[in-house]
Amino acid sequence: SLSSVEASPTQSLPSLSVSPQSSSSSSSSSPGLDTQWDVNFEIPWSKFPEEVMQALERGKRPGPKLRRQMVRIVVTEMMQKCPHVGKKHSTDVAAKMVAKYPSSLQDVIEGDIVGTGYHSLVKQLQNRIENVRRTSTPKIRKRKHQTDDSDQTDEIPLEERAAMQDTYGCIKWNVKFLPLEETQESQKQKMEKLKVMFQHSDANPEEVKCLMKSTFYTQRQHVNQGKSIKCLREEWPFWFDELGMSVHFMELTGIDLKETFTRNLDLKGKRLLDYMTTVCVNKSKKFLQNYARLQRMRGQRSGCSDDVIEMILLLLSYFDEEEESMFFHVEDTCLAEEVQLEQVPLTPVVIVCG
DNA sequence: TAGAGAGGATCGAGGGCACT
DNA sequence: AGTGCCCTCGATCCTCTCTA
């Protein structure tokens, strides 16, 4: 029953001639709505721009831009009649349109009609409908800059936001529930205890680890609220310490940060560096300049292998990342507490002296 | 003239639902 | 219970346009 689409452009026999197979009078049983809207639906030809109508009437194919304009107008009209346009409706409308102006709208490759001849228009209508229906606000709540006084008045309502999901390698990005043995109060106490322990250099690492692990829920709440680095540093000082950082990373991703990094450095470091310095140097002028700069600086630094430094910086450059958002430069004489935290980016950075 | 941003297109996963 | 179809959603890519 495919392909038997009568191309009768007559308006006098609406819907019957076009809709394939079961025209089971629109299954949507929602009361009050015009369930017959699709049968009565008139293509808003008169609303099309003159340029489109010129093309259609002259049997010419409207260009992509014009075609999109046309699709937009039709979809607006359809969605006014019925906010939940289904595939069947899009198909009917597309079929009607193609039936009226086959030489302008039909899917044809080298003279052959492709499939029904209107599939591409159906898809275009469907895509437009879907894109219209998508909310303009991003579903994933990204960290956004939060000034201290503004108490997030523009929070996206929960129901408009898709379920939070684990992504970018995270397995516990957003923890929904407190551990059963924990309460808000116990979390707060542990957080305070950690702050105190940070002041004492002789803190028991095992205890720190344990406390960091059991407060992971609250840590994620704080991070995902988009609080500033300055604020987070005061609340969770151990994050900025190798131990606390690795506990958090382990919980978040299920990966042992240091072990994985050093293992991969041994395993893939050489190959990556080779690739960067042979193939990627041809990638762009910018990359080549960065590479040359790093070459000049070789041997001037101490403490860390030049290869590792070069690899990290070349990776940054390769992915067009701003070095400034990774490293924040301060004067040689600058003490840790003198760093202007207001000027530091929202995301974590390495503060470099000199 | 390159880069950013908007809008369109596409893909895969997953859920709902009707039908068998 | 299995199957097929449709819909929605997240993610991402592509294309076009605007702007610095």
Side-chain angles (χ1 to χ4, degrees), chain A residues 1-3 18-31 33 35 37-38 48-49 51-52 55 61-79 81-95 97-98 105 107 109 114-116 118-145 156-174 176 224 253 282-290 316-325 345-347:
Chain A
S1 63
L2 290 165
S3 76
V18 235
S19 57
Q21 338 154 342
S22 65
S23 55
S24 55
S25 56
S26 57
S27 54
S28 61
S29 56
S30 48
L33 273 175
T35 51
W37 76 270
D38 52 323
F48 288 3
E51 214 179 337
V52 175
R61 224 176 155 75
K65 197 177 161 183
L66 287 179
R67 198 169 142 114
R68 278 198 300 272
Q69 274 186 29
M70 186 179 76
V71 166
R72 276 172 157 262
I73 292 165
V74 173
V75 166
T76 306
E77 198 80 1
M78 288 167 80
M79 290 182 83
K81 289 268 193 302
C82 172
H84 294 286
V85 191
K87 187 185 177 180
K88 184 180 164 296
H89 301 150
S90 304
T91 307
D92 286 353
V93 169
M97 290 172 72
V98 172
L105 301 175
D107 299 333
I109 295 177
V114 183
T116 57
Y118 50 78
H119 182 255
S120 74
L121 189 54
V122 174
K123 287 313 289 180
Q124 214 169 357
L125 290 170
Q126 281 191 297
N127 287 333
R128 175 63 191 156
I129 290 161
E130 193 188 329
N131 283 325
V132 168
R133 274 215 273 263
R134 287 174 180 234
T135 52
S136 53
T137 46
K139 299 289 183 54
I140 296 278
R141 185 175 39 174
K142 295 203 172 131
R143 283 167 56 81
K144 58 180 175 187
H145 198 62
I156 305 155
L158 264 177
E159 59 275 11
E160 285 177 26
R161 217 164 45 203
M164 218 64 79
Q165 61 158 11
D166 287 334
T167 185
Y168 296 122
C170 299
I171 55 170
K172 271 199 269 179
W173 191 78
N174 183 48
K176 286 215 174 66
N224 292 343
T253 64
N282 300 316
K283 176 186 178 258
S284 68
K285 209 174 151 190
K286 216 163 109 190
F287 186 90
L288 187 63
Q289 282 170 353
N290 273 323
L316 272 187
S317 180
Y318 180 80
F319 288 111
D320 289 322
E321 296 285 351
E322 301 282 339
E323 235 179 78
E324 298 80 64
S325 55
L346 176 69
T347 47

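Since the model is a prediction, treat every value here as computed from it, not as a measurement. A note on names: the letters A, B, ... follow the listed sequences, proteins ahead of strands, and every chain is numbered from 1.
One atom, NZ of A/Lys87, and another, P of C/dG4, lie 15 Å apart when rounded to the nearest Å. Counting to the nearest Å, the P atom of C/dC6 and the NZ atom of A/Lys123 are 10 Å from each other. What separates CZ of A/Arg67 from C1' of C/dT15 is a distance of 16 Å, to the nearest Å. One interatomic measurement links the two molecules: CG of A/Leu66 to P of B/dG8, which rounds to 14 Å at whole-angstrom precision. The CD-P distance, from A/Gln69 to B/dG8, rounds to 11 Å in whole Å. The CG-P distance, from A/Asn127 to C/dC9, rounds to 15 Å in whole Å.
For the residue pair A/Ser90/A/Arg128, the side-chain donor-acceptor check at 3.5 Å is not satisfied.
For A/Asp107 (side chain) and A/His119 (main-chain N/O), a donor-acceptor pair under 3.5 Å exists by modelled atom type.
Contact annotation for A/Glu130: base contact, defined as any heavy-atom pair under 4.0 Å involving a base atom. Across all strands shown, A/Lys65 has heavy atoms under 4.0 Å from sugar-phosphate atoms exclusively, and none from any base. Backbone-only contact: A/Arg72 has heavy atoms under 4.0 Å from sugar-phosphate atoms and none from a base.
Of the side-chain N and O atoms in A/Gln126, one or more sit less than 4.0 angstrom from OP1 or OP2 of C/dC7. The phosphate of B/dG8 (OP1 or OP2) has no side-chain N or O of A/Gln124 nearer than 4.0 angstrom. Distances shown here put a side-chain N or O of A/Arg128 below 4.0 Å from the OP1 or OP2 atom of B/dG8.
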